[in-house]
Amino acid sequence: MERSREVDEALRGLHAVAQSPFSAADTIPPLLYRSRDVEALEMERIFSKDWVCPGLAADLPKPGDYITFSIGDQPVLTLRGRDGVIRSFSNVCLHRMMPLVEGRGSCGNKMVCPYHAWTYDTEGKVIGAGHMGGRDPAFDKKQFRLPELRTEIWQGWVYVTLNPDAPSVAELLQGLLPVVERYDMAGYIPVVHQDHVWDTNWKLLNENFMEGYHLPVAHKATVGAWFPVEDTEFPDEVFDAFTYQTFTKDENATYGRAHESNTRLEGKWRYTSILPTVFPTHMYVLAPDHLWYLSLRPKGVGQVHVRFGVALAPEVHEALGETRDQWVKELVDFFDRVNAEDKFVVEGIFKGSKAPLASRGPLSWLEREIHDFARYLDKKLNGPAVSEKRIAAE
């Protein structure tokens with residue numbers, strides 16, 4: 001793939017950021033947020049290779065339950081089969097390429113294409129295709145099955161990839177397991193599902209999630225009021241497939257502290273939240289009483305599909321009883337305000353990235369994960385071979 005000199009220069013800038021010590025690191029070059037050449041490179045080297053997350057396994061409690069997603073131009077259907085196994089398939093009919101289902105819901109024990117009614121079971125096999133007689137050789141529906149994508153469940157999350165050779169999710173996230181497993185988030189109960197499109201580059205939304213520097217300012221009317229910046233902690237190690245930070249919630253926080261009947265967490269973990277980002281685009285806040293997450297899908301350079309969800313710790317869900325609906329409504333209203341604050345910021349940064357005089361800035365100690373993300377991007381977009389070649393040339 002041929003690239004302009006400007007893009008090559010920006011990629012060299014990315015490499016310089018990734019190789020610099022964090023104490024001296026800057027942000028990555030603005031061009032990387034707005035270049036169509038970079039977008040194409042990301043699709044080739046990131047999204048066609050790595051794992052993405054359509055949602056929680058708990059979103060699919062019964063056979064026939066499904067959620068839809070996409071990886072680049074590939075529509076994806078994830079559903080629980082009659083045998084209880086969660087699988088993912090190409091969400092494209094084998095007859096004339098019509099998407100089979102949209103959104104989320106239940107298909108029962110079969111999926112029917114809305115175009116010509118080709119019908120599939122929950123294992124992706126064609127079980128019905130009318131008016132296919134007269135072919136030579138004879139049409140045999142048993143020869144047709146939707147392409148299946150690799151799907152793995154890790155700590156309650158569903159991950160999907162187009163790459164048959166990708167390392168397993170468990171292998172990639174083994175360093176994160178000791179940090180999150182005490183919360184038992186696979187038992188959290190989903191209560192909110194939303195899908196939006198924001199006018200920004202996906203990387204800017206990633207980076208915004210990764211740092212708490214903006215919380216006391218951009219979120220001063222919401223979560224920033226409960227956020228003691230000085231309590232933010234980062235791991236000593238830098239990981240290839242993920243990054244995270246932890247922070248605490250004080251006694252005035254409406255959300256983020258363990259329910260009195262929570263017996264899983266002890267000590268500081270009863271008021272500590274973990275913020276993992278699983279590269280490239282899955283990020284969540286795991287708190288003692290709830291979790292919320294974002295899962296992103298780029299839509300060109302300047303737009304991103306945002307999947308947002310909330311799940312409650314089981315003891316919180318149970319304790320709410322008849323007040324649950326009202327409590328969840330108030331929670332949704334609160335997070336709608338938080339998301340609106342973030343949307344304003346990341347859409348503004350994208351506009352700023354297109355300015356002729358836009359420049360790189362120095363990173364705060366609170367932006368450590370942005371530097372981790374730059375290292376991930378450098379490995380993916382430049383690659384070891386390219387990096388070594390550049391070092392030799394220099």
- Message: Main chain of E44, side chain of S48: is a donor-acceptor contact present, judged purely on distance under 3.5 Å?
- Response: yes
- Query: Heavy atoms, side chains only, cut-off 4.5 Å: are L31 and V38 in contact?
  - Reply: no
- Task: Using modelled atom types only, decide if a donor and an acceptor are shared between the side chain of H371 and the backbone of S20 within a distance under 3.5 Å.
- Result: yes
- Task: Determine yes or no for a side-chain-to-main-chain donor-acceptor pair under 3.5 angstrom, with H214 supplying the side chain and E211 the backbone.
- Result: yes
- Verify same cluster id: F247, L265 (apolar side-chain graph, 4.5 Å): no
- Item | Under 3.5 Å donor-acceptor, K141 side chain and V126 backbone | no
- Message: Taking salt bridge (charged side-chain N to carboxylate O under 4.0 Å, His left out) as the cut-off, I'd like each qualifying pair that reaches into residues 302-324, sequence neighbours left out, listed once.
- Response: D195-R307, R264-E315
- Taking every heavy atom of T68 against every heavy atom of G103, the minimum-distance pair comes out as OG1-O, 2.8 Å
- In short, salt bridge (charged side-chain N to carboxylate O under 4.0 Å, His left out) pairs touching residues 92-107 with sequence neighbours left out are none
- Query: Within the distance-only criterion (no hydrogens, no angle test), does the side chain of T232 pair as donor or acceptor with the backbone N or O of V229 below 3.5 angstrom?
  - Reply: yes
- Aromatic ring proximity F308/F335, centre distance under 6.0 Å: yes
- Task: Indicate the atoms forming the closest heavy-atom contact of V17 with D26, along with that distance.
- Result: CG1-O, 3.3 Å
- Task: Answer yes or no: is there a donor N or O on one side and an acceptor on the other, between the side chain of T78 and the main chain of V76, under 3.5 Å?
- Result: no
- Message: I'd like to know if V345 and Y213 are part of one continuous hydrophobic network [Ile/Leu/Val/Met/Phe/Trp/Tyr, side-chain heavy atoms within less than 4.5 Å].
- Response: yes
- Query: Honestly curious: do L176 and V158 fall in one hydrophobic cluster under the side-chain, below-4.5 Å linking rule?
  - Reply: no
- Query: So do the side chains of I46 and L381 get within less than 4.5 Å of each other, counting heavy atoms only?
  - Reply: yes
- Message: Filter on side chain to side chain donor-acceptor pair (under 3.5 Å), then keep only pairs touching residues 267-291, sequence neighbours left out; what's left?
- Response: Y159-H282
- Query: Which heavy atom in A287 sits nearest to a heavy atom in G256, and how many Å separate them?
  - Reply: CB-CA, 4.0 Å
- Message: Within the structure provided, determine whether V306 and L205 are in side-chain contact (heavy-atom separation under 4.5 Å).
- Response: yes
- Which pairs count as salt bridge (charged side-chain N to carboxylate O under 4.0 Å, His left out) when at least one residue sits in residues 47-56, sequence neighbours excluded? D50-K380
- Are I349 and F209 grouped together when hydrophobic residues (ILVMFWY) are joined by side-chain heavy atoms under 4.5 angstrom apart? yes
- Message: Could you tell me if the side chain of W327 sits less than 4.5 Å from the side chain of L312, heavy atoms only?
- Response: yes
- By side chain to side chain donor-acceptor pair (under 3.5 Å), K329 pairs with (sequence neighbours left out) D333
- Note on the structure: What one should report as the nearest heavy-atom pair of L149 and V160 is CD2-CG1, 3.6 Å
- Query: Between the main-chain N or O of N201 and the side-chain N or O of Q303, is there a donor-acceptor pair closer than 3.5 Å?
  - Reply: no
- Item | Shortest non-hydrogen contact from G64 toward T122 | CA-CG2, 4.3 Å
- Message: Under 4.5 Å between side-chain heavy atoms, counting indirect links through other Ile/Leu/Val/Met/Phe/Trp/Tyr residues: same cluster for Y255 and W292 or not?
- Response: yes
- Message: By the ring-ring contact (aromatic ring centres under 6.0 Å, His included) test, which pairs, at least two apart or in different chains, include something from residues 23-81?
- Response: F47-W202
- Message: With a 6.0 Å cut-off on the ring centroids, do W157 and Y293 count as close?
- Response: yes
- Item | Min side-chain heavy-atom separation Q245-L275 under 4.5 Å | yes
- Task: Go through the steps for M111 and T119 under the test side-chain contact (heavy atoms from CB on, under 4.5 Å), then give the verdict.
- Result: CA-CA 6 Å; M111 298 170 285; T119 304; over 6 Å; no
- Message: Just to verify, which of F242, F279, F22 counts as forming a ring-ring contact (aromatic ring centres under 6.0 Å, His included) with F373?
- Response: F279
- Message: Using the salt bridge (charged side-chain N to carboxylate O under 4.0 Å, His left out) criterion, which residues pair with E367? Sequence neighbours excluded.
- Response: none
- Note on the structure: Residues passing the side chain to side chain donor-acceptor pair (under 3.5 Å) test with N109, sequence neighbours excluded, are none
- Query: Does the side chain of T248 come under 3.5 Å of the side chain of D231 through a donor N or O and an acceptor N or O?
  - Reply: yes
- Item | Contacts of E347 that satisfy salt bridge (charged side-chain N to carboxylate O under 4.0 Å, His left out) - sequence neighbours left out | K343
- Please walk me through it: do T151 and R87 pass side chain to side chain donor-acceptor pair (under 3.5 Å)? CA-CA 6 Å; T151 303; R87 300 178 178 88; over 6 Å; no
- Between the side chain of S4 and the main-chain N/O of V7, is any donor-acceptor distance below 3.5 Å? yes
- Note on the structure: The salt bridge (charged side-chain N to carboxylate O under 4.0 Å, His left out) partners of R368 (sequence neighbours excluded) come to D372
- Provide the closest heavy-atom pair for F350 versus V301 in the form atom of the first, atom of the second, distance. CE1-O, 4.0 Å
- Message: So L320 and V316, do their side chains get closer than 4.5 Å, heavy atoms only?
- Response: yes
- For side-chain contact (heavy atoms from CB on, under 4.5 Å), just list the numbers for L100 and Y120, CA-CA rounded to whole Å, side-chain angles, deciding distance to a tenth of an Å, and then say yes or no. CA-CA 9 Å; L100 295 170; Y120 302 81; 3.6 Å; yes
- Item | side chain to side chain donor-acceptor pair (under 3.5 Å) evaluation trace for D342 with H219 | CA-CA 8 Å; D342 279 325; H219 295 297; 2.8 Å; yes
- Side-chain contact test, heavy atoms from C-beta onward, threshold under 4.5 Å: evaluate it for L291 versus V310 and give yes or no. no
- Query: With distance as the sole test, does N206 use its side chain to make a donor-acceptor pair with the main-chain N or O of P280 at under 3.5 Å?
  - Reply: yes
- Message: Pair V304, H196 - check side-chain contact (heavy atoms from CB on, under 4.5 Å), show working.
- Response: CA-CA 8 Å; V304 59; H196 306 280; over 6 Å; no
- Starting from the C-alpha separation in whole Å, work towards a yes-or-no answer on salt bridge (charged side-chain N to carboxylate O under 4.0 Å, His left out) for E123 and R82. CA-CA 8 Å; E123 282 73 52; R82 288 178 297 175; 3.5 Å; yes
- Carefully, step by step, assess N382 and H15 under the rule side chain to side chain donor-acceptor pair (under 3.5 Å). CA-CA 7 Å; N382 284 317; H15 183 65; 4.5 Å; no
- Task: Could you note down all residue pairs passing salt bridge (charged side-chain N to carboxylate O under 4.0 Å, His left out) where residues 148-160 supplies at least one of them, sequence neighbours left out?
- Result: R145-E148, R150-E152
- Are any non-hydrogen side-chain atoms of P75 and L77 less than 4.5 angstrom apart? no
Which donor-acceptor pairs under 3.5 Å do side chains of residues 53-63 form with protein atoms, sequence neighbours excluded?
| residue | atom | partner | partner atom | Å |
| --- | --- | --- | --- | --- |
| D59 | OD1 | H193 | NE2 | 2.7 |
| D59 | OD2 | L56 | N | 2.9 |

- Kindly say whether T27 contributes a backbone atom to a donor-acceptor pair with the side chain of R360 at under 3.5 angstrom? yes
- Under 3.5 Å side-chain donor-acceptor pair for Q155 and E181: no
